[in-house]
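See structure below.
We name chains A, B, ... by the order of the sequence lines, and we start the count at 1 in each one.
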Amino acid sequence: MLRLHDTATGAVSEVRFRAAGRASLYVCGPTVYDAPHLGHGRFSLVFDVLRRYLLFGGREVTYVSNITDIDDNVIERARLRGVEPAELTSRYEAVWWDAMAGLSVLRPDAAPHATAYVGAMVETIAELETRGVAYETSDGVYLEVAKVPGYGLLAHQPLESLRAGARVDAVDEKRSPLDFVLWKKAKPGEPTWSSPWGAGRPGWHTECVVMSLGLLGDGFDIHGGAIDLIFPHHENERAQAVALGRDFAHHWVHNGWVTVDGEKMSKSLGNFSGLDDLLAKGGGRAYRLLVLRSHYRSPIEVTPETVSDAEAGLARLDELARRFSLVALGAGSTPVRSSDHPEIDGEALDRFCASMDDDLDTPGAVAGIFELVRKAHTAADRGEAAGAELLARTVAVLCGALGLDLAGPAVETADPVVDALVQRRDAARERRDWALADALRDELVSLGWVVEDSPSGTRIRRAAASGGDDALGRG
RNA sequence: GGCGGCGUGGCCGAGUGGUUUAGGCAGGGGCCUGCAAAGCCCCGUACGGCGGUUCGAUUCCGCCCGCCGCCUCCA
């Protein structure tokens, strides 16, 4: 029984799925006007893990995550670059999917584009107007928040205090500062779509209501996103659904910040780091482990230290994979708890699921995996081959369930120089020429290899790639 | 001003009213090894401060201090 924190109630509660054996998720995706940063990486990983865990439980999961390809930021950035908005967004969408691949995040089952749903949005806005909750002004169409029962549910704020902080435009025909725009009438030079209110484009908050309800249907299970989307974005999505009389998301899940030096990482503070640097150093797996090791609602501090810490943990998992020739199970798919891998440690599996069911306690789940790693080594050292295999295989399956790939067993070098050094070292060791053997080891190390002796001779593997420091691309 | 979160051993980061520990990293000692590496074993006796409740609190309550977030585009 999966329990998750629900922003609507502020409490952890059982997720009551709409249909047995199935799960429907809508996760707010990126606006593709710039390269993704660590925060995008975190929410993508968090919900990828949730999705995989649902799959692991044997559910048929429908995961929808949108691509916002029209909004003020897109228009502004495109103008600055002197390119068409569509050109800008298609370029950054490609960057986005590359980054997701680098993080081993599974592709959404559907990734709807806002621009493909403008027609449906116009219909929705028209219906809101018909229902008397939306009104037209000289610059657009707005939703009248005061007419929506329960507005402020997600923000956990009374209408009054929300109003106190709301932005007030100089020229404002809005009936309340909290009323938000559904349709923006076009200004010169902007991309436009036609509508009953003239040429223009939809406001941000409408696309997610239309696409989530359109693709997942009423009363879908989980709506997710980062914590900063709670207000106003999700509040406003919900307001539209309520005003339409539609049954919206049943469970609201939000993940915490990425922080830098204890402060929220944000573009306005200029303290954000791109995902590209991290991924260029092969840090995708390390970032996943880093994200897994803290609770999804807690802030995570991403620093050279915490990244290299995660890399060290990863090295421990990889070492087990090498020793037992474990195959990575999380790459493009995810294992299923009962059917695919019955031959794993049942008690460990139960504990893993108990942690995950408890509001996605991935730190607990990961701790359990590391205990298994130790147990597997210990069993192997004692010569208990079968038991060790079982434990190691359990690690592989559980890592797979978390989307955590394990580095493949052996490293094949195609490098003749390196191979020659290895062969010479084996020969030297056979002659018990320790001085030469050590010298050759030093040489391999200086070439970036970790050298280990094994019954079958010199074994090498790549030294940890990044060392954290420059993996973040800041100094 | 309104609402909310956090403060755990060198670092990261869980958790719990009391007996045996989360887990990882780093560090110390040992085993293994030609020497290493990897692995295994052992070790540090932590819970912001002050009161209160209690037989007993890091865990419950109050106050204080410190940090952070939301209320505005933001993952």
Side-chain angles (χ1 to χ4, degrees), chain A residues 10 27-31 36-47 71-73 76 152 154-158 160-168 177-178 204 224-233 235 254-259 262-269 272 275 289-290 292-295 297-303 305-320 322-323 355 358 361-371 373-382 429 432-435 437-438 441-442 445 450-454 458-461:
Chain A
V27 176
C28 279
T31 302
H37 53 66
L38 295 175
H40 294 105
R42 157 109 112 151
F43 94 71
S44 299
L45 286 167
V46 164
F47 289 101
D71 84 331
D72 290 346
N73 289 315
E76 174 67 11
L154 295 175
H156 290 286
Q157 303 266 348
E160 276 316 305
S161 81
L162 288 172
R163 181 172 291 133
R167 175 198 296 179
V168 180
L178 286 173
W204 179 38
I227 193 169
D228 57 335
L229 294 180
I230 295 173
F231 190 91
H233 186 52
E235 189 75 56
H254 294 97
N255 67 275
W257 299 116
V258 172
T259 63
E263 286 197 316
K264 169 186 173 181
M265 190 185 79
S266 79
K267 294 184 178 179
S268 53
L269 291 174
F272 65 97
L275 222 35
L289 184 57
L290 181 55
L292 287 168
R293 290 194 337 174
S294 67
H295 187 84
R297 286 189 282 120
S298 302
I300 54 169
E301 187 71 26
V302 184
T303 66
E305 291 74 30
T306 59
V307 171
S308 61
D309 194 74
E311 284 173 341
L314 217 43
R316 191 162 157 70
L317 294 173
D318 288 345
E319 178 58 30
L320 188 83
R322 275 192 293 276
R323 183 171 188 178
S355 292
D358 179 17
D361 175 19
T362 55
V366 168
I369 289 175
F370 277 100
E371 281 184 58
V373 169
R374 177 171 44 74
K375 284 183 183 170
H377 279 302
T378 302
D381 288 347
R382 285 185 192 148
R429 292 193 69 231
R432 307 181 73 77
D433 183 350
W434 309 127
D438 291 349
R441 176 167 56 200
D442 290 345
V445 168
V450 173
V451 180
E452 295 176 355
D453 297 336
S454 80
T458 295
R459 196 175 68 158
I460 60 169
R461 66 172 199 273

Applying salt bridge (charged side-chain N to carboxylate O under 4.0 Å, His left out), name anything that partners A/D442, two or more places apart in sequence or on another chain.
none

Contact under 4.0 Å: A/K375 side-chain N or O vs B/C40 OP1/OP2
no

A/D309 meets the side-chain contact (heavy atoms from CB on, under 4.5 Å) criterion, sequence neighbours left out, with A/R293

Map every base of RNA chain B to its dot-bracket character, where paired means a Watson-Crick or G-U wobble contact with both distances under 3.5 Å and | marks a partner outside the strand.
(((((((..(((.....[....))).(((((.......)))))....(((((..]....))))))))))))....

For nucleotides 23-30 of chain B, just jot down a letter per nucleotide in 5' to 3' order: B, S or -, based on protein non-hydrogen atoms under 4.0 Å.
SBB-----

Those residues that, when tested against A/A155, pass side-chain contact (heavy atoms from CB on, under 4.5 Å) (two or more places apart)
A/Q157, A/L162, A/F231, A/E235

Is the shortest side-chain N/O distance from A/S355 to OP1 or OP2 of B/A14 below 4.0 Å?
no

Does A/H377 have any ring-ring contact (aromatic ring centres under 6.0 Å, His included) partners at least two apart in sequence or in another chain, and if so, which?
none

A/D228: which residues meet the salt bridge (charged side-chain N to carboxylate O under 4.0 Å, His left out) condition with it, sequence neighbours left out?
none

Checking A/H233 now: which residues fulfil ring-ring contact (aromatic ring centres under 6.0 Å, His included) with it, not counting sequence neighbours?
A/W204, A/H205

Does anything in residues 225-233 of chain A reach RNA chain B, meaning a heavy atom under 4.0 Å, and if so which residues?
A/A226, A/D228, A/L229, A/F231, A/P232

Just to verify, what does A/R42 make a salt bridge (charged side-chain N to carboxylate O under 4.0 Å, His left out) with, not counting sequence neighbours?
none

Between the protein and nucleotides 2-9 of chain B, which nitrogen or oxygen pairs are less than 3.5 angstrom apart?
from	atom 1	to	atom 2	distance (Å)
B/G2	N2	A/Q157	OE1	3.4
B/G2	N2	A/Q157	NE2	2.6

Listed by chain and number, what are the salt bridge (charged side-chain N to carboxylate O under 4.0 Å, His left out) partners of A/D433, not counting sequence neighbours?
A/R431

